[in-house]
Amino acid sequence: MIVAVTGGKGGVGKSTVSVELGAALDATVVDADLGMADLPTGPGPDLHDVLAGRADPIEAVREGCGPVRLLPCGRSLAGARAADVSTLDGALRAVEATYGDVVVDCPAGMKADAGVPLAVADACVIVASPQSYALADAVRSRELARELDAGLVGVVINRALDDPPTRTFEGVLGAPAVVVPADPRVGQTVESFRPVVRAAPSTRAARAVSAVADAVTRAKRV
Amino acid sequence: MKAVSDATDRVGEPKSPDDEQPAADPFVTTVSTRSVAGVTLVQVELRNTVSVDLRVRVRNELDGPVLPPREEGLPASGWGADGFCGAVPASGRRGVGYACPVSSPTETDTHSEAVSGDSELSRDSDAVSIDVLGPADGSESQSTPTAAAIRSLGRARPPADVVENDVQNDADTDIDTGADHLAAASAVETPDGSTVESTPESTGQAEMDKIAAVGEETDSSPENAVGARSGTVPVAVDVWLDAAERRIGHAERLTGGTAEEATAVLVDRGGADALAGLPEAVAADESSLRAAASRMRDLAERAAATDAAPVVSSLSEAAVSSNNSAMDSHAGSER
């Protein structure tokens, strides 16, 4: 199963949620933000190399150096220019065939680099900011997902401080929403590469992510 | 059902008995072709005479590959290697057009002069064959979801100017000849005057234009200036030579190669269509490289024969001293 984690604006926490969800599902996380890599990388082939035909997708998957398997993205402008997003489909399916579930960390925006992962994915999760003015961004992502046939499995209202308008989000977006509170441990997930679903499973944040993971698994069975 | 009709818009030209449409043909088809610098542009207008949406296939019958219209680098919806498949609305029209890298609609004619008169009539209609596929049921979903997403949303790549040493995939360059070639087709001579054969599927032409464009952009860049000072090859030339070397490398592997080698090269180049133009492209490379080499040799000799330093330094001295005296008088007036 290929799940895309999206959410129109930059900075809502797509990468964090991708790593958390990847840990909860024991999936391979693919950093598909071709223009601005979000997740840590290291020496070896990356997604830019894969999409430019220089490397096999399986060669680019890093195992055993963190809590999740990761296919990182490159960081150069030249790499981003040479990457052909139309080959992302084949790359994601190759990773799925070898490793199982795939969580795709999508870039912000509404261009093909944000759209193609949704077109390929079997389901998607929208990450939203809790303020009601951010609902419009979430709606745009929802519309894009609908246009590209990616079924919305759940909404993550991220970095919530007070009680966010969960029912409003659910009503407008048409999918169950979970709340991930503003938790400094979650803020560290990407930097330290320690997802709270493993390190602190009893926290509200971890339970929220697990709920989304369950929804993904249920969608898979259907 | 093959239905090729010659119902052109020429006034006063009587239809011959051969051209009468069979009664069952729902389409009135107008085909016209135009030859521009080694490429034939084909225009097909389909008029649906029945009040039902119909699906039609327009197949290319010219002796060359189809260069379809492109959106975001991908062939437009409905286009494939053979031609076009799509729907024509009830009692409506649809126009489609494409390019084919043959110099004229007939196989034997190798000149790209305009063909006039009656003979063009039969050649034009021979350029395509039309098949009626049946009623259109709205399931025209031939594009993959990925291709549809790319076309409707647009690619998001950094522009070429921000990327130094932009070496596109060779496959990219070759496949792009559809658009590039047509753009270049109107100018047979390259901007710098060197002669390049505009043979079908030659990427030499497209690249000369790209290099000219890169040259304009990077003319005053430190990179090119450094290249000039230290004797290294400028970026734009490197790009061209790398691409030519890739093509020549592929051609070398195919020269008397084994089936295994041939398959490897086929995969590298991205299919038989991309491979088809390789021999001509390499021939064009040879002539461009020789032309460029002789020009480079001449320029290098001219450069070696110059000795502008003495005159330049005395001019600079003169300029400096006149600046100084201007500044002195200006400072004087301020007090």
Side-chain angles (χ1 to χ4, degrees), chain A residues 2 4 6 8 10 32-37 48-54 56 73-93 104 106-122 124 140-141 143-151, chain B residues 68 70-77 79 139 141-176 210 213-214 217-218 223 235-236 238-239 242-243 246 250 264-271 274:
Chain A
I2 302 175
T6 187
D33 195 337
L34 302 178
M36 198 157 291
H48 280 170
D49 296 313
V50 173
L51 299 184
R54 294 189 293 264
D56 193 83
C73 193
R75 287 179 144 74
S76 69
L77 285 173
R81 180 155 172 90
D84 181 1
V85 73
S86 65
T87 59
L88 184 61
D89 192 332
L92 292 175
R93 295 196 194 281
V104 187
C106 299
M110 297 277 147
K111 293 206 135 195
D113 53 345
V116 170
L118 287 170
V120 176
D122 305 304
C124 72
R140 264 191 288 275
S141 300
E143 282 314 302
L144 188 64
R146 186 177 279 137
E147 196 186 300
L148 297 168
D149 242 349
Chain B
R70 288 181 175 263
E71 292 171 56
E72 295 291 329
L74 298 172
S77 194
W79 285 92
S139 63
S141 53
Q142 294 144 2
S143 319
T144 60
T146 294
I150 293 173
R151 279 191 212 111
S152 67
L153 301 172
R155 286 190 193 253
R157 294 153 86 197
D161 344 10
V162 304
V163 178
E164 287 186 357
N165 304 342
D166 177 25
V167 184
Q168 277 194 313
N169 270 345
D170 199 20
D172 236 15
T173 318
D174 289 358
I175 288 165
D176 274 350
K210 275 193 184 123
V214 172
E217 284 169 10
T218 61
E223 222 164 47
V235 169
D238 247 350
V239 166
D242 283 347
R246 265 196 296 276
H250 284 145
V265 173
L266 186 72
V267 168
D268 265 356
R269 293 201 59 88

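All of these numbers come straight from a predicted model, not from anything done at the bench. Numbered from 1 within each chain, the chains take letters A, B, ... in sequence-line order. Computed from heavy atoms alone, side chains included, the values below leave out hydrogens, waters and symmetry copies.
With a 4.5 angstrom heavy-atom cutoff, A:L148 touches chain B only via side-chain atoms. Of the two parts of A:A83, only the backbone, made up of N, CA, C and O, holds a non-hydrogen atom closer than 4.5 Å to a non-hydrogen atom of chain B. For A:L144, the part lying near chain B is the side chain, with the backbone staying farther off; criterion is any non-hydrogen pair under 4.5 Å.
Classification of B:D242 and B:R246 as a salt-bridged pair fails, no side-chain N sitting under 4.0 Å from a carboxylate O. Salt bridge A:R140/A:E143: absent, no basic N to carboxylate O contact under 4.0 Å.
Counting only distance, with no hydrogens or angles, the side chain of B:E72 and the backbone of B:R155 share a donor-acceptor pair below 3.5 Å.
At a threshold of 4.5 Å between non-hydrogen side-chain atoms, the residues A:V120 and A:L88 do not count as touching.
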